[in-house]
Amino acid sequence: MTSKEEMEMLRASASGFLGEKAPISQLRRLRDDKIAEGFDRETWTEMGAMGWAGVLVEEAHGGVAMGHGAAGILMEEMGRTLTASPFLSSAIMGAVALSKYGNASQQEGWLPAIARAQKIIALAVDEQRHHNPAHVKLQAVRAGNGFKLSGEKCFVADCAAADGFIVSARTRGEEQDPDGITLFLVSRDTQGISVENQNMIDSRNAGKVVFDDVALEGDAVLGAVDKGLAPLNIILDAGRAGLAAEMSGAAQECLDRTLSYLKERKQFGQTIGSFQALQHRAAHLYSEIEIGKSIVARALQMMDSAPEMAALMVSAAKAKLGQVALLAAQESIQMHGGIGMTDEFDIGFFIKRVRVADALYGSQQFHTNRYAELRGF
Amino acid sequence: MTSKEEMEMLRASASGFLGEKAPISQLRRLRDDKIAEGFDRETWTEMGAMGWAGVLVEEAHGGVAMGHGAAGILMEEMGRTLTASPFLSSAIMGAVALSKYGNASQQEGWLPAIARAQKIIALAVDEQRHHNPAHVKLQAVRAGNGFKLSGEKCFVADCAAADGFIVSARTRGEEQDPDGITLFLVSRDTQGISVENQNMIDSRNAGKVVFDDVALEGDAVLGAVDKGLAPLNIILDAGRAGLAAEMSGAAQECLDRTLSYLKERKQFGQTIGSFQALQHRAAHLYSEIEIGKSIVARALQMMDSAPEMAALMVSAAKAKLGQVALLAAQESIQMHGGIGMTDEFDIGFFIKRVRVADALYGSQQFHTNRYAELRGF
Amino acid sequence: MSEQDLEDFRKEVQNWLAENCPEEMRQPMDSQDICWGGRHWKFSSDAQKIWLERMVEKGWTVPEWPKAYGGAGLSKAQAKILRKEMKRIKARPPLLSFGIWMLGPALLKYGSDAQRQEHLPKIARGEIRWAQGYSEPDAGSDLASLKTRCEDRGDHYAITGQKVWTSYADQADWIFVLVRTDFSAKKHEGISFILVDMDQPGVTTRPIKLISGNSPFCETFFDEARAEKHNLIGEINKGWTIAKYLLTHEREMIGGMGGDVMRPIGDIAVQQIGKGEDGRLQDPILRADIARMEIDGLAFMATMDRITQQAKAGGGVGANASMLKYYGTELNKRRLELMMDSAGSPGLVWGGEGDVASQWLRTKANSIEGGTSEVQLNIIAKRILDLPSQ
Amino acid sequence: MSEQDLEDFRKEVQNWLAENCPEEMRQPMDSQDICWGGRHWKFSSDAQKIWLERMVEKGWTVPEWPKAYGGAGLSKAQAKILRKEMKRIKARPPLLSFGIWMLGPALLKYGSDAQRQEHLPKIARGEIRWAQGYSEPDAGSDLASLKTRCEDRGDHYAITGQKVWTSYADQADWIFVLVRTDFSAKKHEGISFILVDMDQPGVTTRPIKLISGNSPFCETFFDEARAEKHNLIGEINKGWTIAKYLLTHEREMIGGMGGDVMRPIGDIAVQQIGKGEDGRLQDPILRADIARMEIDGLAFMATMDRITQQAKAGGGVGANASMLKYYGTELNKRRLELMMDSAGSPGLVWGGEGDVASQWLRTKANSIEGGTSEVQLNIIAKRILDLPSQ
């Protein structure tokens, strides 16, 4: 575990680094230059050098093992600057997957490289328009010592730059059966894998990955055969908590930018921030964001202390922050008025990213429902 | 059908009569004097004399047959003054039930008396805490020429004053079976009926009705044996549309009283109605009420023109007005501040009535769900 | 006009349309099939050109305008029949334009006969495409604080300043502009309404790229742009009256887009997400949100009808235009949020599935353009609820 | 104090409680089991009396107050242990009062030693029951505009005016009152904070019946009521400072009632409504509403903890007390609306099912008392968000 002081230092250094090296103008440039990977390699390498990519990797594997609380701080700060990077895919979900469920050779082969930002892992889990990890059709058929994978995954974040995929596949049972799902770690250069990028509204990379008779050795299995759903949900929960943290940063930034604008813009001979109706809406938004931050902190704590029991809190956090961040993005556009609608002005980037972050690994509706199910009603 | 001008005349005369003869102070007196019937007999008799109780009864049976649009205007005006009366139970639902499904002797025996406010009909339908007309356990067993009824009904509005009950009973099938429900028209003085009043928050009468081996002739059946659910829903839809109209009147009155208060109360050296945050909330509430009125009008039109097809619109109206009227009542208490919390001040009567009206014959949740089911999703 | 006359008219319309509306002009259209007209208009097909010419000849591009100005002088009842019959055969509108929607009504109400004579027929025939020059960078909600300067140069006016949110100004021929003609008067009292030919060096435009990736609006710069004196509409310094009239008019139009709110999104969600064994949409939370949204949509549509009918009965829509504008645009925003929720990941791709993402982002402007939601709420509070000013 | 000392203290507390807390005082309580104390207090049982006497003797009715004033002088850590141990055996609080919650903290911060000496021990021992005299009919949200007049009569003060929302004033012995001592000063600068014995002809009270049917509040009338000069707290005309301190304190207390928000209402709904075959609550729309409410409740509870911890780390809660008060009370209103939705018709009967209707109506006051939600939002906007005044 990491001390309060270390956390605050991490936040300060992250904020400084991102503000200088990876502000929103970087995302704009990545978009305008149509960089397929959807992030800046140099920045990512620097993040690796600072130890960020190893935040969840044990020191024995070259990481700094600061825990989910620290990873959340980094996500939150990246949410403020909308910094694009494979941090979520690789440094959070990839690291959790390999650290918790990888065999010795998988760990040795990947963890040090993940921690140094030299290799990137992406999670290939969704097959339908909506997230539903128990819905797996992609087939993994036993073949000799190993398996052959056939099928398609969609909405795979960071697929363009991935060196390896964690793939959920069906080794037994029907489409919706929670049993019979197996996770595989697959190197990108394996024969039969093809990747199709999509032009996402948040200007980051995601796309389809097609597995066409991909032959794997038996040791490509991550964790236990047929028992992949529970581990997958823990890997996902790490990502979901991270996304909630990112959305809390994005919401806070929307509020801060809106407050600046409210203090500066004049209409009807007055600073518009003096209008009580806008004041009350800003104050309500402030309250929602504060409430949101607390549940994110709880979810991250649970991921550190008892990840098997974190699902309820993580779903609460992901659902709440989806709602709060969309509210913040909408209010900020509305309060900025016409200028908020222009591409030239940065505020519009937030609503697009928040929409993707809300949908990724389960929308607010998905997680509200999951929360109710976990609560038994 | 009734012309626009007749409708407006009806509204004006209703508004005048109710404001003078049956304002909120009457409801307060009924409450404080603990009048078991929950309404004022004299006022009800006058309503009968004016033809209100016969608004849905054909002229051949002594009514004025002005239709649901007119009944809705009366309900709306009664919503403004919170006038308690068995109008909904008897003049709307009782009249619809008998006019549409009664046999000749039932019609002759009851309709003229209903139309003159000489007899009162109450609908005994619910058996659980939540409205669910398909859930019927009360048994009607064939006995000789007729039936024997055993079971209990709850939340029966106007049970204290009822001269007769329309009861849904099970003649076949299981508890939730839509088939096998039969409606009966039962005189209050039949052996085996007992009524237990409850102390309702809206100070009107409702309670439990127990049927203990109540022996009925075969001609007590209303409509067809086993086929009572569809007629019941049309009878209920008439009541639901009426309740939606009542809630739109209550909401409008809450807004009007709140606007008066906002224009008069001073704090911080200003009329509080000049505060923009309150202005925007009042303007939003106004908009919601206007929207609500339109859907109520549509539902009433449908009840007049094609009652078998009115369900969707009626459920939309009942759900929407439940939401709008509760919003109006809540906003009016909040904007009145402390004084709004005191019993001495009339505004508190509205929230209590609206809560009952929302729950009666299906809450906003019930009708939102019914709407979605009717829409096929 | 008697019922019989109207019936005859309907027959006549049916026959004419059957003969004259080209088959290609009866297909579903999307935004690039719209005919906007104008000096530089390129017809996308012969059919588009023929259809416009035939309708122009009948005066049916602006059926209710007087014949003298290029219309057909139809009564409201006749015009309704024409609209209905066109809809029945799915005929595309031959011509859409800000000239028809905005400037035309203003000229009919405030213009001189000479001004109508000069401008209306060209609008009716699609020869001139108009833009609207209202907002400025520092005059958004507070439109009356506009600063674009209009100076009297004896035989003409010279205009200098900047307008924003001028729709398609880069493709327009002329622009109607709110300008300040008296800087010493109170802000509402020094404004005039003037028509400017954009084909001159003093007028330049620059498209504004929006968050949706599209550029339907421009910035328009005036640098000593010339306007003829006879193109000042109404009295000098009384332009605010015309501006207010057109704002209310615009508000009604934008509120009317709420018509979209009832495109049944429950059905779309069923297609996209599917139903469970219980016959319900498989996402139970989204189902609740969609049902509530649809109910509000039904109620809103019923309100549009009700208020339109009241308006016809006399008195007009009045300040309720603000209520419709406020509620309709907020509802449309909610609707598109739910469309995005329903679409899931394919909705997050540019150009995916009916380009729902662009539509969604576009709706965010609904509650800003034509007066923000906050301005509408102020108007409702003051003009309908009669609440006091501070 | 070392860990070991605290452990020893815990043992001591455990032993003492085991021996001294009567069995009857370990049963669940409802509102009529509360011991409020005061001159006219009638104990509801011997056990209630014995429990109070024993706790008073230990100084544990006000454990953190100095021993000299009837407390036990415990550290925060010790007091926390005491609370925990009492909770563990479900011991009822021996005494609740506005004296403990409100006046005590004010006297400890602003009173003279003589004033503390006179009043605090009687509060600690439950001998005097206090009421709060703040609001007036025309001074609600704008509390500082209060008009209750306090005049210097040489050897004493004479107070004339009316207070409202004085909790249980009809059962109280003394009242702490905000009065105006200078009518010529600015409104915040002529206010004083004074203690008044209610047992005199110049003070009368009248209960206010609420919409819930209960009367927890009174109107209190002062007609030349006498107050001793030494009972004016702090400096004359500087009472607003004390008022503000207590308002923040009250706000935190009311916000803290948000603790209620996490009583799991999903479970109650399952009991009341039942589940379908899919394992879900049978009302799918209510299920969505409850899930969202519970998530907000979890988030709010986490926020209370987070902000309390920040406050302990130094700096206090500050203006965030307004945020907690605003959000907590609005959430509690939502929660009781959903409780009513879930209860169905039995919830519409007075006194039915845990009297949910009264509770529901009671929550409507949460967002009014202790400063309305609107006032809290104003405070957040000004003090936290630094938005300008008009």
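All figures in this text were calculated on a predicted structure; none of them were measured in a lab. A note on names: the letters A, B, ... follow the listed sequences, proteins ahead of strands, and every chain is numbered from 1.
Residue contact with chain B, scored on non-hydrogen atoms closer than 4.5 Å, involves the backbone and the side chain of D/Ala343 alike. Residue D/Trp350 touches chain B through both its backbone and its side chain, counting heavy-atom pairs closer than 4.5 Å. Looking at B/Ile347, neither its backbone nor its side chain comes within 4.5 Å of chain D, counting heavy atoms on both sides.
When each of D/Thr372, D/Leu210, D/Leu361, D/Val164 is checked for heavy-atom pairs under 4.5 Å with chain B, D/Leu210 comes out on top. When the candidates D/Pro284, D/Ala357, D/Gly352, D/Ser358 are compared by the number of heavy-atom contacts under 4.5 Å with chain B, D/Pro284 comes out ahead. The candidate with the highest count of non-hydrogen atom pairs below 4.5 Å against chain D, out of B/Gly338, B/Ser363, B/Ala359, B/Gly348, is B/Gly338. With respect to chain B, the highest number of heavy-atom pairs below 4.5 Å among D/Gly347, D/Gly351, D/Gly344 belongs to D/Gly344.
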Task: Residues B/Gln334, D/Ser367; criterion side-chain hydrogen bond (donor to acceptor under 3.5 Å, both in side chains); working and verdict - done: CA-CA 7 Å; B/Gln334 181 67 24; D/Ser367 52; 2.6 Å; yes
- [ ] List the steps, then state whether side-chain contact (heavy atoms from CB on, under 4.5 Å) holds for D/Asp138 with B/Lys266.
- [x] CA-CA 8 Å; D/Asp138 287 323; B/Lys266 286 204 163 79; over 6 Å; no
Open item on the list: Test side-chain contact (heavy atoms from CB on, under 4.5 Å) on D/Val349 and B/Ile201; report intermediate values, then the result.
Closed with: CA-CA 6 Å; D/Val349 180; B/Ile201 57 170; over 6 Å; no
Open item on the list: Apply side-chain contact (heavy atoms from CB on, under 4.5 Å) to residues D/Asp341 and B/Arg355 and explain how you reach the verdict.
Closed with: CA-CA 9 Å; D/Asp341 288 334; B/Arg355 257 284 161 203; 2.7 Å; yes
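Counting heavy atoms from C-beta on, the side chains of B/Ile351 and D/Lys364 come closer than 4.5 Å. Contact check for B/Thr342 versus D/Lys209: no side-chain heavy atoms found under the 4.5 Å cut-off. For the pair D/Ile285/B/Thr368, a side-chain contact is recorded, criterion being any heavy-atom separation below 4.5 Å from C-beta on. A 4.5 Å side-chain heavy-atom check between D/Ile211 and B/Ile333 finds at least one atom pair inside the cut-off. You'll find the side chain of D/Leu348 stays beyond 4.5 Å of the side chain of B/Asp202, heavy atoms only.
Within 6.0 Å of atom CD in B/Glu344, 12 or fewer heavy atoms from other residues, nucleotides or ligands are found, so the atom counts as exposed in its surroundings.
B/Asp343 CG to D/Ser215 OG: the interatomic distance, rounded to the nearest 0.5 Å, is 8.5 Å. Between the CG atom in D/Leu286 and the CD atom in B/Gln364 there is a gap of 10.0 Å [rounded to 0.5 Å]. To the nearest 0.5 Å, the span separating OG on D/Ser345 from CE on B/Met200 amounts to 7.0 Å. With rounding to the nearest 0.5 Å, the separation of NZ in B/Lys352 from OG in D/Ser212 is 7.5 Å. Of the inter-residue distances, the one linking D/Ile290 atom CD1 with B/Gln365 atom CD reads 8.5 Å to the nearest 0.5 angstrom.
Scanning residues 266-282 of chain D against chain B with a 4.5 Å non-hydrogen threshold yields D/Gln272, D/Ile273, sorted by number. Of residues 373-387 of chain D, those residues with a non-hydrogen atom less than 4.5 Å from any non-hydrogen atom of chain B are, in numerical order, D/Ser373, D/Glu374.
Remark: B/Phe366 engages B/His131 in a ring pair (Phe, Tyr, Trp, His ring centres under 6.0 Å) (not counting sequence neighbours). Remark: B/Leu312 pairs with B/Tyr371, B/Leu374, B/Arg375 by the side chain to side chain contact (heavy atoms under 4.5 Å, CB included) rule, at least two apart or across chains.
A salt bridge does not link B/Arg265 to D/Asp142: none of the charged side-chain nitrogens sits closer than 4.0 Å to a carboxylate oxygen.
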